[in-house]
Amino acid sequence: MAPRTAKNSVEESGFEVFEHRIRRSSFTVKHKSWVDHLGAENTAIELSVMTPWGKGTAHFPNCGETDWREWLADIGSDYIGSKLFGFNTRKTDYRKTLSVVRGSVNEMRAEGKISVAIANEIRMTLREHYQYKPDEPEDQQVSSLVHYAMTHAFLKDCGNPVQYSENPKFRAFCRHAWAPFTEYLQAELDRERALQPIMEVSSLVDTVEPDHSRSAYEPEMEP
């Protein structure tokens, strides 16, 4: 389905409202220019999104003099994800966390901080009680493993081992919703800028006044 854009509107608060829908995702941008106490121009933006991969609202009160479309198109997906979805942009990764714990055991053994017997005891505990279980919530498994590592007599000094990976839903949001939306904004802005010189020339032509100092009638000269 081709992108469909609703016409702009203006709220009583002075915010202009831009609505855009592409595929199954909808975007609403409220934006308003304002001047701070030093006389500098600024732009406030409120962005609301609703997609199959998540929904949220983010406020950006100080976006400078840049056109709001360019500002949104230039910011990174990680930043917009954190503003819209918070920590949902990533998820705890059990396999990575377990690898860090095992690595800490190997490192301490290599440095002589723990004996062979203690290292083997920890490794056996990890094998018997902390293997990944696909039928259990991953975040709960990570929490259990981290508790073990952070309270163990030898592992607790190694720090928090928890590791993260990108949330698949957020990755889909970036690819199928955010990227097409920002590409559309940038294309619209580029078209406006391409037309601007033509509009300026047209405006200049319209303002040129005729020269009335010479009459269109010129009398014939007598022979």
Let me see the working for D135 and K133 under salt bridge (Lys or Arg N to Asp or Glu O under 4.0 Å), right down to the final yes or no. CA-CA 6 Å; D135 56 334; K133 304 176 182 65; over 6 Å; no
Would F60 and K83 satisfy side chain to side chain contact (heavy atoms under 4.5 Å, CB included), going step by step from the backbone distance to the final call? CA-CA 9 Å; F60 309 96; K83 295 288 287 184; 3.7 Å; yes
Given the rule in the side chain to side chain contact (heavy atoms under 4.5 Å, CB included) test, do K30 and I45 qualify, once you have shown the distances and angles that lead to the verdict? CA-CA 6 Å; K30 298 181 181 181; I45 299 174; over 6 Å; no
Would you please test S25 and W178 for side chain to side chain contact (heavy atoms under 4.5 Å, CB included) and show each step? CA-CA 9 Å; S25 302; W178 184 249; over 6 Å; no
Apply side chain to side chain contact (heavy atoms under 4.5 Å, CB included) to F170 and R90, showing your working. CA-CA 8 Å; F170 175 63; R90 59 180 188 171; over 6 Å; no
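Contact record, C63 with W71: O-CD1, 3.5 Å, taken as the closest heavy-atom pair. Scanning both residues, T89 and S82, for their nearest heavy atoms gives CG2-N, 3.7 Å. The shortest heavy-atom contact between A44 and F15 is O-CE2, 4.0 Å. Scanning both residues, P61 and N42, for their nearest heavy atoms gives O-OD1, 4.3 Å. The two residues I22 and H20 come nearest to each other via the heavy atoms CB-NE2, 4.0 Å. Looking at every heavy atom in both residues, T66 comes nearest to T43 through O-OG1, 3.9 Å.
Defined by atom type and a distance below 3.5 Å, a donor-acceptor pair is missing between the side-chain atoms of R109 and N120.
Residues in residues 176-191 take part in these salt bridge (charged side-chain N to carboxylate O under 4.0 Å, His left out) pairs, two or more places apart or across chains: E188-R191.
In the hydrophobic cluster analysis, where Ile, Leu, Val, Met, Phe, Trp and Tyr join through side-chain heavy atoms closer than 4.5 angstrom, V29 is grouped together with I75. Under a hydrophobic-cluster definition in which Ile, Leu, Val, Met, Phe, Trp and Tyr are linked whenever side-chain heavy atoms come within less than 4.5 Å, directly or via other members, L72 and M50 are assigned to different clusters.
Using a 4.5 Å heavy-atom cutoff, the side chains of F27 and L185 are not in contact.
In terms of the side-chain contact (heavy atoms from CB on, under 4.5 Å) criterion, residue partners of P168 (sequence neighbours excluded) are, by chain and number, K91, R171.
The aromatic rings of F85 and F173 sit perpendicular to each other, their planes meeting at more than 60°, with 30° as the lower class boundary.
Judged by distance alone, the side chain of S144 and the main-chain N or O of Q141 form no donor-acceptor pair under 3.5 Å. Remark: side-chain polar atoms of S99 are not paired, donor with acceptor, to backbone N or O of R95 under 3.5 angstrom. A donor-acceptor pair under 3.5 Å links the side-chain atoms of T97 to the main chain of D93, judged by distance alone.
Residues Y94, L98, V101, V105, M108, I114, I122, L126, Y130, Y132, V142, L145, V146, Y148, M150, F154, L155, V162, Y164 make up the rest of the hydrophobic cluster containing I118, defined by ILVMFWY side-chain heavy atoms closer than 4.5 Å, directly or through other members.
A salt bridge does not link R102 to E107: none of the charged nitrogens lies less than 4.0 Å from a carboxylate oxygen.
In E111, the CD atom is crowded: over 12 heavy atoms of neighbouring residues, nucleotides or ligands sit closer than 6.0 Å. The number of heavy atoms from other shown groups lying within 6.0 Å of NZ (K32) is above 12.
A distance of 6.0 Å or more separates the ring centres of F18 and H31.
A distance of 10.0 Å separates NZ in K113 from OG in S104, rounded to the nearest 0.5 Å. Residue R69 holds its CZ atom at 9.5 Å from OH of Y184, rounded to the nearest 0.5 Å. Here the straight-line distance linking atom OG of S33 with atom CD of E16 works out to 7.5 Å at 0.5 Å rounding.
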